[in-house]
Amino acid sequence: MQAIGGEVPDFSLEDLGRTSRSLRGELAGHQAAIVVFWSCICSHCLRNDDYLKTLQDHHPDIALLAVASRQQETPDDLRRAAADRKLGFPILIDPGGRLARQWYTEQTPRAFLIASDMRLLYRGAIDNFQFPGDPDYVAYLEPAIADLQAGRPIAQPDTASFGCAIQSVYYQLQKII
């Protein structure tokens, strides 16, 4: 597992427009990047659509890359969901879930905050899976971003994440044609 404060390896994946994007390339000119493992059918990811759609408006100095690793989602499924839900952030295709395995990610959403020098600053959930405005709502990623922007150490650099399985350990459903 990547150590908080340790360097993460660069990666390069194609986005939905078939353009290759690398983490290092996206970090150029930014203070940090958020890599979020994402799924077009996961209800927990769907719940975070509005947050992710406005993240770069609120934090223009932070790049955002969504990585689609779920095994049953095709590039066409991803493109259709992005268009239907008006998702403007980059969605990268992780064939076979290779990057998810390298980053020890088993569910979506799972977020990583990476400094411009490729150091891992935060790993875990976006929030506690409540809706903003709920009395029990607790954000995890936003306080980590605030700490970074204030030049403080990240107070809570690692949180448990919960969501939809990237790959079932029990079975793989076949698509019916």
Side-chain angles (χ1 to χ4, degrees), residues 1-16 20-40 42 44-56 58-71 73 78 87-129 138-167:
M1 183 172 296
Q2 311 98 322
I4 298 294
E7 187 172 325
V8 298
D10 194 15
F11 64 82
S12 183
L13 296 171
E14 285 190 357
D15 65 19
L16 297 181
S20 183
R21 292 179 181 247
S22 70
L23 175 58
R24 193 172 303 281
E26 296 298 314
L27 276 166
H30 290 96
Q31 181 182 20
I34 294 169
V35 175
V36 61
F37 286 84
W38 177 89
S39 163
C40 71
C42 176
H44 300 289
C45 291
L46 181 66
R47 186 180 61 76
N48 283 296
D49 275 0
D50 289 339
Y51 173 74
L52 294 175
K53 286 196 291 193
T54 61
L55 189 125
Q56 289 192 286
H58 293 111
H59 305 293
D61 53 340
I62 297 178
L64 171 62
L65 294 171
V67 177
S69 298
R70 272 190 106 236
Q71 300 306 292
E73 296 172 2
L78 299 168
L87 304 176
F89 51 85
I91 299 170
L92 309 184
I93 301 168
D94 180 19
R98 180 184 51 84
L99 185 64
R101 282 190 304 281
Q102 289 174 349
W103 285 43
Y104 302 95
T105 298
E106 297 177 350
Q107 72 280 328
T108 61
R110 183 169 169 88
F112 295 79
L113 179 61
I114 312 297
S116 60
D117 63 0
M118 303 287 285
R119 284 180 306 110
L120 176 61
L121 302 176
Y122 172 82
R123 165 185 53 225
I126 293 171
D127 57 29
N128 68 336
F129 305 103
V138 178
Y140 298 134
L141 182 56
E142 275 300 312
I145 294 169
D147 286 344
L148 168 69
Q149 292 178 326
R152 297 184 300 256
I154 309 300
Q156 189 173 9
D158 203 354
T159 62
S161 50
F162 171 84
C164 303
I166 288 175
Q167 182 174 9

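Position 1 is the first residue of the sequence, and the numbers go up from there.
- Heavy atoms only, all atoms of each residue included: T105 and I166 are closest at O-CD1, 3.6 Å.
- Between L78 and I93, the shortest heavy-atom distance links the atoms CD1-CG1, 4.0 Å.
- Proximity of M118 to L27: side-chain heavy atoms (C-beta onward) are separated by under 4.5 Å at one or more points.
- Counting only heavy atoms from C-beta outward, the side chains of I34 and I145 approach each other to under 4.5 Å.
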Give the intermediate values and the outcome of side chain to side chain contact (heavy atoms under 4.5 Å, CB included) for residues H59 and Q149. CA-CA 9 Å; H59 305 293; Q149 292 178 326; 3.5 Å; yes
From CA spacing to verdict: side chain to side chain contact (heavy atoms under 4.5 Å, CB included), Q107, S161: CA-CA 8 Å; Q107 72 280 328; S161 50; 2.5 Å; yes
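- Looking at heavy atoms from C-beta onward, C164 lies in side-chain contact with H44 at the 4.5 angstrom threshold.
- Interatomic distance, OG1 of T108 versus CG of L46, reported as 11.0 Å (0.5 Å rounding).
- Shortest non-hydrogen contact noted between D94 and S69 is OD2-OG, 2.6 Å.
- Of all heavy-atom pairs spanning L141 and A111, the tightest one is CD2-CB, 4.2 Å.
- The line from CD of E142 to OH of Y51 is 3.5 Å long, rounded to the nearest 0.5 Å.
- Between the side chain of R70 and the backbone N or O of C42 there is no donor-acceptor pair closer than 3.5 Å.
- Closest approach of L120 and R123 over heavy atoms only: CD2-NH1, 3.5 Å.
- In this model, C40 has its SG atom no nearer than 2.5 Å to the SG atom of C45.
- L121 CG to F112 CZ: the interatomic distance, rounded to the nearest 0.5 Å, is 12.5 Å.
- Proximity of a side-chain donor or acceptor of D10 to a complementary backbone N or O of L23 within less than 3.5 Å is detected.
- The two residues D147 and P153 make their nearest non-hydrogen contact at OD2-O, 3.5 Å.
- Note that the CZ atom of F89 and the CG atom of L64 stand 6.5 Å from one another [nearest 0.5 Å].
- Note that NZ of K53 is 6.0 Å distant from CG of L87, once rounded to the nearest 0.5 Å.
- Results of the side chain to side chain contact (heavy atoms under 4.5 Å, CB included) test with W38 over L92, I91, L65, N48 single out I91 as the only residue that passes.
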Pair S12, R21 - check side chain to side chain contact (heavy atoms under 4.5 Å, CB included), show working. CA-CA 5 Å; S12 183; R21 292 179 181 247; over 6 Å; no
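- Electrostatic pairing of R24 and D117 does not count as a salt bridge here, judged by no charged N lying under 4.0 Å from a carboxylate O.
- The aromatic ring centroids of F129 and F162 lie less than 6.0 Å from each other.
- A distance of 11.0 Å separates CD of Q71 from OG of S39, quoted to the nearest 0.5 Å.
- Atom CD of Q31 sits in a crowded spot, with more than 12 heavy atoms from other residues, nucleotides or ligands closer than 6.0 Å.
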Step by step, work out the salt bridge (charged side-chain N to carboxylate O under 4.0 Å, His left out) result for D127 and R47. CA-CA 11 Å; D127 57 29; R47 186 180 61 76; 2.8 Å; yes
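- Counting only N and O atoms by type, the side chains of T159 and Y122 include a donor and acceptor under 3.5 Å apart.
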